[in-house]
Amino acid sequence: MSGTHTVFPPPSAGEGTLRNRGGEGSDGAERSSPPHEDRALSGSRVPLLRDFVPAQPLLTQGPPSPIPSRARPTWDEQDANLGQARDRSGGGSAAEPSAPQSGYNFAYLDEGTKRMIRRAILKGIAVPGYQVPFASREMPMPYGWGTGGVQVTAAILGRADVLKVIDQGADDTTNAVSIRRFFAKTSGVATTTRTAEATVIQTRHRIPETPLTEGQTLVYQVPIPEPLRYLEPRETETRQLHALAEYGAMHVKLYEDISRHGHIATTYAYPVEVAGRYVMDPSPTPKFDNPKMDGCPALQLFGAGRERRIYAVPPYTRVRSLDFEDHPFRVQEFTHPCALCGAKGVYLDEVLLDDAGNRMFVCSDTDHCEGRRADGHVGTGEAI
Amino acid sequence: MYVAVKGGEAAIDNAHRLLAEARRGDTTVPELSVAQIREQMALLVDRVMTEGSLYDPNLAALALKQARGDVVEAVFLVRAYRTTLPRFGASVPLETGAMAVARRVSATFKDLPGGQVLGPTFDYTHRLIDFALAAEGEIETAAEAEPRADAAICPRVTDLLAQDGLIEASPPDEGAPVGDLTREPVDYPADRALRLQALARGDEGFVLGLAYSTQRGYGRTHPFVGEIRVGEVAVELVPEELGFAVPLGRMQLTECQMVNQFKGSGAAPPQFTRGYGLSFGQSERKAMAMALVDRALRAEELGEPVVSPAQDQEFVLAHCDSLQATGFVEHLKLPHYVDFQAELELVRRLRAEFEQRSEPVEMQEAAE
């Protein structure tokens with residue numbers, strides 16, 4: 001590149017708003033007007049904003065107080081057919097809605113904070129793949145445990161939602177259990193382990209094998225949202241690189257992989273280009289899951305709490321894994337099917353059985369595996 | 001036959017119960033009260049308040065009890081509580097010049113208005129383990145000196161220097177709103193107020209290490225301790241309905257003003273520059289380290305080359321928070337089966353390719 005550029009800063013929270021200060025990602029907005037003035041925005045029946053609960057005026061607000069129970073909003077009826085789907089037989093476990101814990105607002109965060117997060121989400125949806133700064137809160141679980149995903153889920157969760165939480169593809173890993181319980185306790189929403197029944201799925205490191213559908217939202221927990229971070233540690237630099245769509249360094253990195261190993265040696269957090277513009281980190285999902293992001297009918301939201309960034313992939317958006325004409329993108333292939341359910345073409349976990357080198361490959365997506373076994377599929381059950 | 005692992009939920013519940021038991025320890029030993037921690041582990045309480053950004057000795061003491069004495073965990077508890085509190089206003093800037101000093105030392109002037117007050121300090125103790133303490137001996141009462149005639153007037157050393165223009169002027173208060181890094185994402189470059197906020201909340205060990213690095217040549221700032229003062233100051237708030245300040249209470253603070261050399265530039269004459277540190281309670285190490293790093297971070301503003309970690313605000317601000325650091329480091333113990341599987345597959349493939357490549361060479365060598 002030569003000559004001087006006029007660098008247009010990328011759109012960021014707090015810019016392009018009529019308010020004096022703040023905006024999508026900051027708290028200026030939350031102080032400037034009572035939340036219900038924005039009903040025009042929130043009442044537009046966007047799935048994201050369902051069950052918007054007006055907050056108390058913030059300045060005079062005491063400690064978080066329980067929201068009085070009230071009639072479910074009309075658009076809950078739209079979800080009635082989802083309730084029927086819940087009756088499906090087979091494995092999986094589900095908990096019906098219950099009364100949320102008193103002493104905290106619905107889904108823990110106060111409504112002002114939720115609104116700030118929703119604005120960041122809306123900006124993220126409007127600019128697919130762009131990392132929107134947001135005023136991440138200190139959550140009652142540690143950074144690195146999914147505070148970004150938890151804040152996004154808290155901001156979009158409505159009373160009629162059915163929540164599923166997975167970690168490494170499994171509903172029963174300790175952190176998934178912990179986050180699911182957190183929302184069951186603070187929001188009282190119904191939870192499920194069945195992908196098809198969930199309206200909101202929070203995930204760490206996997207995309208479910210069962211194809212997602214319209215109306216579902218997949219919330220990713222993201223540790224490092226910046227795909228260029230390991231190439232350029234400075235935020236001031238990477239923001240400029242994104243603004244200029246200057247992704248040469250990433251291509252050079254992938255090329256160097258090829259020249260050293262004969263193929264691209266990135267196996268997870270494999271960079272993608274979203275809607276032909278921003279290069280995005282898909283969170284550390286194995287690249288096996290990258291194709292599922294492309295043209296996905298579900299809304300995909302990404303929350304990075306420690307790094308204070310939110311980004312999004314709207315439904316039916318082109319998500320292309322970076323590659324070269326002579327070295328096209330390829331996903332991992334497993335030589336054996338799942339030993340429990342016999343599934344092929346799914347991502348497998350390797351389980352060590354003893355100290356003699358015996359191992360077994362089983363589905364990483366536990367719901368998918370249970371569902372198949374309930375339908376009568378059986379694997380060899382044998383060690384390899 | 002392998003059966004998919006279940007039981008995360010029961011494991012968590014049991015682990016919590018075990019933790020509660022471990023926290024209590026041997027039940028034949030009397031339990032610590034919050035008041036005991038607050039009074040006898042006061043410096044620890046001060047550190048938790050400082051890094052927790054919340055002045056509440058009882059809460060910090062309780063957090064320490066709950067956290068089994070783990071500082072970072074206690075800071076976490078305090079912060080997670082703090083984040084749920086409503087913001088009802090900002091206080092009037094604290095007047096540390098009017099502090100009721102319990103300790104005040106200057107390394108730049110032998111004597112000065114208000115005098116040097118040694119106060120409670122470890123500085124000149126011999127670090128010999130006092131076995132008498134184990135026997136819970138009575139303490140000697142410290143004698144109280146007659147206050148000096150000028151004890152009530154205790155101007156800041158930097159204000160005295162500023163009268164002669166020897167030190168840069170403190171930037172005037174323009175009444176502009178001060179940012180809050182707990183409520184807005186940091187946008188680089190961050191202004192000095194935000195940097196000071198981050199340093200005040202920052203991990204004492206990390207900030208100390210950075211400060212030390214500036215003394216060893218990584219961004220040298222030629223510092224002198226203009227003054228350290230520890231004592232109580234009044235906190236005042238102007239409620240909108242009243243329009244005048246009302247006292248809310250008093251808090252103990254440690255303030256450190258570093259005086260640093262500056263050779264001057266085309267625009268500014270040679271003069272001393274400032275580095276500032278402030279912490280809750282008595283936390284001198286933290287306040288001094290903060291003042292050194294604050295000055296180092298002003299390198300760009302003062303036209304100095306930015307070459308060292310302590311001068312690099314993205315490096316310092318992004319890494320000084322103990323909760324962010326501990327969260328991301330400790331999250332490595334969360335399951336990473338899926339990503340590790342991907343790496344396993346890659347390493348196996350690379351090894352297979354490596355062996356394929358090296359085989360013919362070995363055969364040739366054997367033939368020779």
Side-chain angles (χ1 to χ4, degrees), chain A residues 12-13 21-22 25-28 58-59 61-64 133-140 142-145 167-169 172-178 181 205-206 223 234-236 261-262 265 267-268 284-288 306 308 332 339-340 347-351 353 360 362 364 366 369 381, chain B residues 1-12 15 73 76-77 79-89 177 180-189 312 314-315 318 321 323-332 334-347 349-350 353:
Chain A
S12 83
R21 57 194 291 264
S26 77
D27 281 75
L58 278 174
L59 284 179
Q61 191 183 354
F134 82 112
S136 175
R137 295 294 192 256
E138 264 149 345
M139 299 299 285
Y143 290 120
W145 265 244
D167 186 338
Q168 314 293 303
D172 205 47
T173 37
T174 41
N175 199 39
V177 170
S178 162
R181 276 179 161 193
H205 294 190
R206 275 310 310 276
R234 271 167 215 287
E235 185 67 16
T236 38
H261 306 296
T267 57
Y268 60 90
T285 49
K287 65 179 177 178
F288 179 88
R306 189 177 40 77
R308 304 181 155 198
Q332 289 102 337
L340 297 179
Y347 200 76
L348 301 178
D349 275 344
E350 182 172 336
V351 183
L353 297 172
M360 221 165 135
V362 298
S364 143
T366 50
C369 196
Chain B
M1 168 74 188
Y2 170 77
V3 188
V5 185
K6 279 271 180 189
E9 201 146 349
I12 290 177
E73 186 65 30
F76 189 178
L77 290 168
R79 291 249 196 112
Y81 176 74
R82 178 191 190 273
T83 198
T84 66
L85 299 176
R87 267 66 167 163
F88 60 84
D180 180 348
L181 61 77
T182 68
R183 294 273 141 170
E184 274 162 69
V186 174
D187 198 8
Y188 297 110
D312 181 336
E314 272 205 48
F315 180 81
D321 188 271
L323 287 200
Q324 292 175 0
T326 201
F328 202 44
V329 167
E330 290 200 53
H331 105 284
L332 291 174
L334 290 182
H336 284 79
Y337 322 133
V338 167
D339 292 344
F340 188 68
Q341 191 60 47
E343 293 287 84
L344 264 182
E345 193 260 352
L346 176 70
V347 172
R349 189 146 44 96
L350 291 175
E353 285 167 10

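Since this is a predicted model, take the numbers as computed values, not measurements. Reckoned from all heavy atoms, side chains included, excluding hydrogens, waters and symmetry mates.
To the nearest 0.5 Å, atoms CD (B:E184) and OG (A:S136) are separated by 13.5 Å. A distance of 6.0 Å separates CG of B:D321 from OH of A:Y143, quoted to the nearest 0.5 Å. Atoms OG1 and CD, on A:T174 and B:E9 in that order, are 11.5 Å from each other to the nearest 0.5 Å. With rounding to the nearest 0.5 Å, the separation of CD in A:E350 from CZ in B:F340 is 8.5 Å. Taken to the nearest 0.5 Å, the CZ atom of B:R349 stands 10.5 Å off from the NE2 atom of A:H261.
Side-chain atoms of B:D339 and A:P286, non-hydrogen and from C-beta on, do get closer than 4.5 Å to each other. With a 4.5 Å cut-off on side-chain heavy atoms, B:P185 and A:F134 do not count as touching.
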Steps toward side chain to side chain contact (heavy atoms under 4.5 Å, CB included) verdict (B:L334, A:Q168): CA-CA 10 Å; B:L334 290 182; A:Q168 314 293 303; over 6 Å; no
Please test A:W145 against B:H331 for side chain to side chain contact (heavy atoms under 4.5 Å, CB included), starting from the C-alpha separation and ending with a verdict. CA-CA 6 Å; A:W145 265 244; B:H331 105 284; 3.7 Å; yes
Walk me through it: do B:Q341 and A:L348 pass the test side chain to side chain contact (heavy atoms under 4.5 Å, CB included)? CA-CA 8 Å; B:Q341 191 60 47; A:L348 301 178; over 6 Å; no
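Proximity to chain A (any heavy atom under 4.5 Å) is shown, for B:L323, by both the backbone and the side chain. With a 4.5 Å cut-off on non-hydrogen atoms, B:F76 touches chain A through its side chain but not through its backbone. At a 4.5 Å heavy-atom cutoff, the contact between B:L344 and chain A is made by side-chain atoms alone. Both the backbone and the side chain of B:E330 come within less than 4.5 Å of a heavy atom of chain A. At a 4.5 Å heavy-atom cutoff, the contact between A:T173 and chain B is made by side-chain atoms alone. Both the backbone and the side chain of A:T236 come within contact range of chain B, judged by heavy atoms closer than 4.5 Å. With a 4.5 angstrom heavy-atom cutoff, A:S178 touches chain B via backbone and side-chain atoms both.
The number of heavy-atom neighbours closer than 6.0 Å to OH of B:Y81, taken from other residues, nucleotides and ligands shown, is 12 or below. The local environment of OH in A:Y268 is sparse, with at most 12 non-hydrogen atoms from other residues, nucleotides or ligands closer than 6.0 Å.
A donor-acceptor pair shorter than 3.5 Å cannot be found between the side chains of B:E345 and A:Q332.
A:Y347 places a side-chain N or O within donor-acceptor distance of the main-chain N or O of B:A342, the cut-off being under 3.5 Å.
Smallest separation of non-hydrogen atoms from A:P140 and B:A80: CA-CB, 4.2 Å. Of all heavy-atom pairs spanning B:V338 and A:S364, the tightest one is CG2-OG, 3.8 Å.
Looking at B:E314 and A:R234, no side-chain N of the basic residue comes within less than 4.0 Å of a carboxylate O on the acidic one, giving no salt bridge.
Checked options A:D349, A:D167, A:N175; the residue passing with B:P335 is A:D167 (criterion: side-chain contact (heavy atoms from CB on, under 4.5 Å)).
Ranked by non-hydrogen atom pairs under 4.5 Å with chain B, the options A:R306, A:R308, A:M139 are led by A:R306.
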